Protein chains: 2
Amino acid sequence: METKPQDRLRKPRADAQRNRERVLEAAKAVFSVGGAEASLEAVARQAGVGIGTLYRHFPTREDLFEAVYRREVEQLAELAEELKSEPSPVEALRRWLRSTVQFVATKKGMMAALAIVMNANSELAAYSHGHLTRSIGALLTRAVDAGEIRNDISADDVLRALIGMCYMHDQTGWQQSVLRLLDVFVDGLRVAKGRA
Amino acid sequence: METKPQDRLRKPRADAQRNRERVLEAAKAVFSVGGAEASLEAVARQAGVGIGTLYRHFPTREDLFEAVYRREVEQLAELAEELKSEPSPVEALRRWLRSTVQFVATKKGMMAALAIVMNANSELAAYSHGHLTRSIGALLTRAVDAGEIRNDISADDVLRALIGMCYMHDQTGWQQSVLRLLDVFVDGLRVAKGRA
DNA sequence: TTGCTAAACGGAGGATACCTCCGTATAACT
DNA sequence: AGTTATACGGAGGTATCCTCCGTTTAGCAA
């Protein structure tokens, strides 16, 4: 009687985890191609699960957007962690920003999905905001401590600028434009420019 | 027989124009509150027209987004026109950017709708891009000609930065953040900073 | 292994929203 | 006032959403 079902939780079932993973993969693919309004039944079909399974794991469309997005954010956080070993703080910041641009470049319809879920779910905004802000914050603090950039700009500010720059990413040449903007922005951040 | 119906077009009916206007007003309101996925039947109800009327004027959801958005863009272009009389070119640019932030601040769910339509309809992107680019371009050229800012940044670049900065506009304090970013950006644009 | 049970699966089906179609109403013109 | 092109509105067919529940299966204990 030492293992009453209420007390000791069972190990989660393997098929549940597997199916959850399958649905996430399928969702990423389907939304990237078909945009935010793609059919959820199509996602279930692509994942090879029943529609009921999809809804059990992700009760709303937004939940699904959310789960897909969370993964992406975590990958960006890892990248920031790696860049801490870059010698020049300003260059580390610049390179993270540039890498993020590349990262975003592979998505497409996901941006609209992101816009929807950000609008509806402020908890997710907080989550991703937290992750990304911490990533940027670490890079930023190093650069400020080294006296290389001004200290009145927060990580939130940088994040906002970055996301914004990637926003209109469906026009030709957008990558060049964004990379140029990032340089302007980083220049604007620098101290010791001998201002008049 | 001098007025065959094929040759001489009738004046468009007054009720048609009126209803179109009503639907646009209703759509702006409904999408702002309910987001991009709001029911079109709700829009028709709010406008006081039949669902058929809505669809005749705007065959797809995207067409409706588009029409609403076009108006907004035109208003911004008018603002730029007025600002041409501002004495300091850099200040004119800065003020247009700031005013645009205020302008965006009144919308809400419209941003997600915008993301969708921009993603799907590149013609609209071109239209708004053209309008806004011309607006910014005029302000920018004045400032460059006056030797006040660097000349290797295009109006496209500025537009991209601006839209981006307004992107995450659902977080508290976003306006302060954006206004701060704009100052950084304009600082980054300035020439004659005595670079090391 | 075998049996037991909680957990997960899947898809039928009611509800909702989309969108077309066409009979009715009405503004513009003579 | 009569004529006609134009617009209106909503019924209804279709697609998608999402819930509910009978069936299946993975984990656990003996």
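Just the heavy atoms: all of them, side chains too, but no hydrogens, waters or symmetry mates, feed the values below. To find a chain, count down the sequence lines: A is the first, B the second, and so on, and within it residues start at 1. From a predicted model like this one, the values you see are computed outputs, not experimental measurements.
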Task: Salt bridge present between B:Arg70 and B:Glu74 (N-O < 4.0 angstrom) - done: no

Task: For atom CZ of B:Arg18 and atom P of D:dT6, their distance in whole Å - done: 18 Å

Task: nucleotides 10-17 of chain D: protein proximity per nucleotide (B base, S sugar-phosphate only, - neither; heavy atom, under 4.0 Å) - done: BB-----B

TODO: For B:Pro59, report the nucleic acid contact type (base, sugar-phosphate, nothing); a contact means any heavy atom under 4.0 Å.
DONE: nothing

Open item on the list: What is the separation between atom CZ on B:Phe58 and atom P on D:dG9, rounded to the nearest whole Å?
Closed with: 14 Å

Open item on the list: I want to confirm an ordering. Mapping B:Arg13 and B:Arg45 to their closest nucleotides on DNA chain C, which one lands closer to the 5' end?
Closed with: B:Arg45

- [ ] Assess whether one donor atom and one acceptor atom, taken from the side chain of B:Arg10 and the base of C:dA28, lie less than 3.5 Å apart.
- [x] yes

Task: N/O donor-acceptor pair under 3.5 Å between B:Asp63 side chain and B:Thr60 backbone - done: yes

Task: Residue-phosphate contact under 4.0 Å: B:Asn19 side-chain N/O, D:dC8 OP1/OP2 - done: yes

TODO: Can you tell me the distance, in whole Å, between the CG atom of B:Leu54 and the C1' atom of D:dC8?
DONE: 13 Å

Open item on the list: For D:dA7 and B:His57 - does any side-chain N or O of the residue sit under 4.0 Å from the phosphate oxygens OP1/OP2?
Closed with: no

Open item on the list: Could you tell me how far apart B:Asp15 (CG) and D:dG9 (C1') are, to the nearest whole angstrom?
Closed with: 12 Å

Task: Separation of B:Ile136 CD1 from B:Ser154 OG (nearest 0.5 Å) - done: 9.5 Å

Open item on the list: I'd like to know if A:Glu25 and A:Arg22 make a salt bridge, using a cut-off of under 4.0 Å between side-chain N and carboxylate O.
Closed with: no

Open item on the list: Without decimals, in angstroms, what is the distance between B:Lys11 NZ and C:dT26 P?
Closed with: 19 Å

Open item on the list: Assess whether a salt bridge exists between A:Arg94 and A:Glu91, defined as any Lys/Arg side-chain N lying under 4.0 Å from an Asp/Glu carboxylate O.
Closed with: yes

TODO: Please answer whether the main-chain N or O of B:Ala36 pairs with a side-chain N or O of B:Arg61 as donor and acceptor at a distance below 3.5 Å.
DONE: yes

